There are 2 protein chains.
Amino acid sequence: MQSRGKRLDKKQNTLYVGSLAKGLRLLRAFDETHTELSLVELAQRTGLDKSAVQRLANTLHIEGMLDKNPVTRRFRPSHAWLELAYAYYWSDQLVGQALPKLIDLSQSLGETVNLAERSGDHIIYVNRLPCQRTYFAATVIGRRLPALSTSSGRAMIATLPADEREEAIRTWPLKKFTARTTMDRTSIRHSIDEAVEKGYAISSGQMILSEIAVACPIRDPNGRAFAAVQCSISAHTWTHERVEAEILPRVQDTANAISPASQAHRG
Amino acid sequence: MQSRGKRLDKKQNTLYVGSLAKGLRLLRAFDETHTELSLVELAQRTGLDKSAVQRLANTLHIEGMLDKNPVTRRFRPSHAWLELAYAYYWSDQLVGQALPKLIDLSQSLGETVNLAERSGDHIIYVNRLPCQRTYFAATVIGRRLPALSTSSGRAMIATLPADEREEAIRTWPLKKFTARTTMDRTSIRHSIDEAVEKGYAISSGQMILSEIAVACPIRDPNGRAFAAVQCSISAHTWTHERVEAEILPRVQDTANAISPASQAHRG
DNA sequence: GAACCAGGTATCATTATATAATACCTGATA
DNA sequence: TATCAGGTATTATATAATGATACCTGGTTC
């Protein structure tokens, strides 16, 4: 256990460009609560020294990846970050395949509809169609959440073979968002078992107290889910039962309609 | 004019980290038509040599910025690109301020609504609420277009003082998208003059043949627009006149409602 | 209004680190 | 089996990144 050697494994490879990796750390220093950072703040958040941050931030600025407020000298994400999302969208076939169906769904329900994909042990929202003065409007596209803590994640996990499912339930991360967020893995196992039987997952108050969420898996040809259609509804005007009776069937139809589309160019 | 010295100006500065800039070039090599690239394709598109691309792509892969198909060995944008968009959204106050109003607008019109921001001599779409089986659905968030060629851009330019306006009309770039895209700067001047008088811009078939687009500026406290609310309508079911009578007023109300909000924390 | 300080900017010697040439694999095609 | 394109690995070399330090600037304190 060479604890001193700092950069071991793949990183101490001549194929690893450290400066690039450090630059990326600056980009990742920005999040919900850090929307604008100064040089020293960047240094603190990345653990890099002042000089390094100076050079890297300057480079990112020149290259148009960071905007700089000329008076405060603070840095912000630039429009280029959205251009990257644009490129991402074109590279993800699912997004294009799903969009028309999601629009139909959202119009017919009059409720907010999200498309989530699995990203390791997390899920990430790749598309959102907001409807109704979405109280919990908020920005969601690109948000990454522990799979176990979301209805989308549970709906997806439920499609995995029993051993993988169990492994996920035991080891994947959890995060507490509200007072009602389930942190007990046994409860989560029940919830996922239910999803295995019913083919969908439903949860209340996991992310936001007043929210009911239903999610149905989008499956690949082997039946494994790699994505999910999810619908968020206000618990103020809906009950669990009404959601299952009125919302769920259409969400499920949409998810199924998207599913078989895995007829990409590949045997 | 030292034509040989390759990296002059700001780039031949010790504050410029070339490796980072090169890495960013790889990211930017992906677009609508290049959604998945191999090493050699990356080398071609970036102008870097094979070895450099190998190292940089490898680094980006290790850092989670590029996904690699283990069988084809081709690279793709990763989910991290969406996470960057997520961070961008939080850093852009306008997005949060505008969203609820845009949702209302979209619901009341039943038509696709977009939010565009100015980005130098281009505009970029920062938010979109798709409605109706948007024929021209397509992904739009993050798309960057010449300001002069879009209704949003023209609506914004129209709020600038006459000299800046003229400068824009004469020098900013144009791009032809359809047979009907205006490439004549005199016509564009007419269109912008009209927008100056009326306070909004309307155009047909600029981006897509069957599309009518209306845009209203979102102004800062000095009256200059930095963004616009835009609505895209199918020319198959609507006429220019009906759009002006029925759609426009509500788009304008929305844009105005968003405008004064420049009451950020700042004197 | 002088002294102080935090944070941004600029400079520079030093060598770590990125480089590009080259050789080596692999798997597809003929 | 031969050929080839494209991906992977290695290495000597010097370029280009490093981080310490010094210099500005503008805001705050007494």
Side-chain angles (χ1 to χ4, degrees), chain A residues 2 4-27 29 34 36-63 65-76 265-267, chain B residues 2 4-27 29 34 36-63 65-76 265-267:
Chain A
Q2 311 120 294
R4 232 1 183 147
K6 259 198 171 183
R7 296 151 194 154
L8 316 146
D9 59 285
K10 302 181 178 180
K11 303 208 173 181
Q12 183 51 320
N13 189 315
T14 60
L15 296 181
Y16 186 80
V17 181
S19 320
L20 173 54
K22 285 177 196 161
L24 299 175
R25 286 167 73 178
L26 295 210
L27 302 184
H34 303 88
E36 208 185 48
L37 295 168
S38 68
L39 275 184
V40 296
E41 287 165 347
L42 277 168
Q44 287 162 356
R45 282 184 61 74
T46 57
L48 299 170
D49 71 49
K50 198 181 161 187
S51 295
V53 170
Q54 180 189 182
R55 272 176 282 116
L56 298 167
N58 183 250
T59 306
L60 291 168
H61 178 51
I62 291 173
E63 293 301 325
M65 290 299 296
L66 288 178
D67 286 346
K68 185 174 186 174
N69 182 321
V71 32
T72 66
R73 269 85 215 279
R74 295 167 75 82
F75 295 95
R76 281 196 37 210
H265 21 77
R266 179 74 192 74
Chain B
Q2 310 122 292
R4 236 350 184 158
K6 259 201 170 185
R7 295 152 195 154
L8 315 146
D9 58 285
K10 301 179 179 181
K11 302 208 174 183
Q12 183 50 321
N13 189 314
T14 61
L15 296 181
Y16 186 80
V17 182
S19 321
L20 173 53
K22 285 178 196 160
L24 299 175
R25 286 167 73 180
L26 295 211
L27 301 184
H34 303 87
E36 208 186 45
L37 295 169
S38 67
L39 275 184
V40 295
E41 288 165 345
L42 276 168
Q44 287 162 355
R45 281 183 62 73
T46 56
L48 301 170
D49 70 49
K50 196 182 163 189
S51 296
V53 170
Q54 180 188 184
R55 273 177 284 115
L56 298 166
N58 183 249
T59 305
L60 291 168
H61 177 51
I62 291 174
E63 293 301 323
M65 290 300 296
L66 288 179
D67 285 345
K68 185 175 187 173
N69 183 321
V71 31
T72 65
R73 269 84 214 279
R74 295 167 77 81
F75 294 96
R76 282 195 38 211
H265 23 79
R266 179 74 192 74

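Everything quoted here is computed from the prediction, not taken from an experiment.
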Q: Report the distance from atom NZ of A:Lys22 to atom C1' of C:dA18, rounded to the nearest whole Å.
A: 12 Å

(Q) Do A:Leu15 and B:Gln54 have side chains that approach each other closer than 4.5 Å (heavy atoms only, starting at C-beta)? (A) yes

Q: Report the residues that fulfil side-chain hydrogen bond (donor to acceptor under 3.5 Å, both in side chains) with A:Arg45, sequence neighbours left out, ordered by chain and then residue number.
A: A:Asp31, A:His34

Q | Set of residues satisfying side-chain hydrogen bond (donor to acceptor under 3.5 Å, both in side chains) with respect to B:Arg74, sequence neighbours excluded | A | B:Glu36, B:Glu41

**Q.** Qualifying residues under side chain to side chain contact (heavy atoms under 4.5 Å, CB included), relative to B:Ser19, sequence neighbours excluded
**A.** A:Val17, A:Ser19

(Q) With rounding to the closest Å, how many angstrom separate the C1' atoms on D:dA14 and D:dT18? (A) 15 Å

Q.
Checking A:Thr46 now: which residues fulfil side chain to side chain contact (heavy atoms under 4.5 Å, CB included) with it, not counting sequence neighbours?
A. A:Arg25, A:Leu26, A:Ala29, A:Leu48, A:Val53

Q) Below 4.5 Å, heavy atoms only, C-beta onward: do B:Glu63 and A:Tyr16 meet side chain to side chain? A) yes

Q. Please give, in whole Å, the distance from C:dT17 P to B:Leu56 CG?
A. 16 Å

(Q) Tell me whether the side-chain N/O atoms of B:Ser19 come closer than 4.0 Å to OP1 or OP2 in C:dT17. (A) no

(Q) Check the phosphate of D:dT18 against A:Arg55, side-chain N and O only, distance under 4.0 Å to OP1 or OP2. Yes or no? (A) yes

Q | d(CG, B:Asn58; P, D:dT10) in whole Å | A | 13 Å

**Q.** Length of the line joining A:Asp49:CG and D:dA17:C1', which is rounded to integer Å
**A.** 12 Å

Q) Between the two end axes of the helix from C:dT17-D:dA14 to C:dA30-D:dT1, each built from 5 base pairs, what angle do you get to the nearest 10°? A) 0°

Q: Compare every heavy atom of A:Met65 with every heavy atom of B:Leu24, then report the nearest pair and how far apart it is.
A: CD1-CG, 3.7 Å

Q.
Rounded at 0.5 Å granularity, tell me how far CG in B:Leu56 sits from CG in B:Leu20.
A. 10.0 Å

Q) Reading nucleotides 4-12 of chain C 5' to 3', which nucleotides get B (base under 4.0 Å from a protein heavy atom), which S (sugar-phosphate only), which -? A) ---SBBBBB

